[in-house]
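In what follows, a single structure is set out as structure tokens and then discussed.
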Amino acid sequence: MHARTAAPAIALANSLGNLGGFVSPTAFGILQDATGSTRGGLIGLSVVGVLAAAGVALVRGGGHHERARGLRPWGKDHGPGRGPVRGGPARVR
């Protein structure tokens, strides 16, 4: 990830996390009042968690993102310390 995109992505993740910290207790209370038990609130938050996990899997491409773009971390004859696949000098780690 480039530095230009890293900062906004981190800010977005932080903002959504803070929003979830406000919305989750409120939603839990509303569902608890609507169903009359804590089970309704827990089921509601569980459903939201599963949907969030599915959304992350879809955004990441199910772990096949690099292969779909045609990128490989190392070529056949490349290994750690031998330089990137696309040429150029090796990065110092």
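Everything numeric in this text was worked out from a predicted model, so none of it was measured.
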Spacing of CD1 belonging to Ile30 relative to OG1 belonging to Thr35, to within rounding of 0.5 Å: 12.0 Å
Interatomic spacing from OG in Ser46 to CG in Leu51 - rounded to 0.5 Å: 11.0 Å
Closest approach of Pro25 to Gly20 (non-hydrogen atoms, all atoms of both residues): CD-O, 4.2 Å
Closest contact, heavy atoms only, Leu45 versus Phe28: CD1-CD1, 3.7 Å
Nearest-0.5 Å distance, OG of residue Ser15 to CD1 of residue Ile10: 11.5 Å
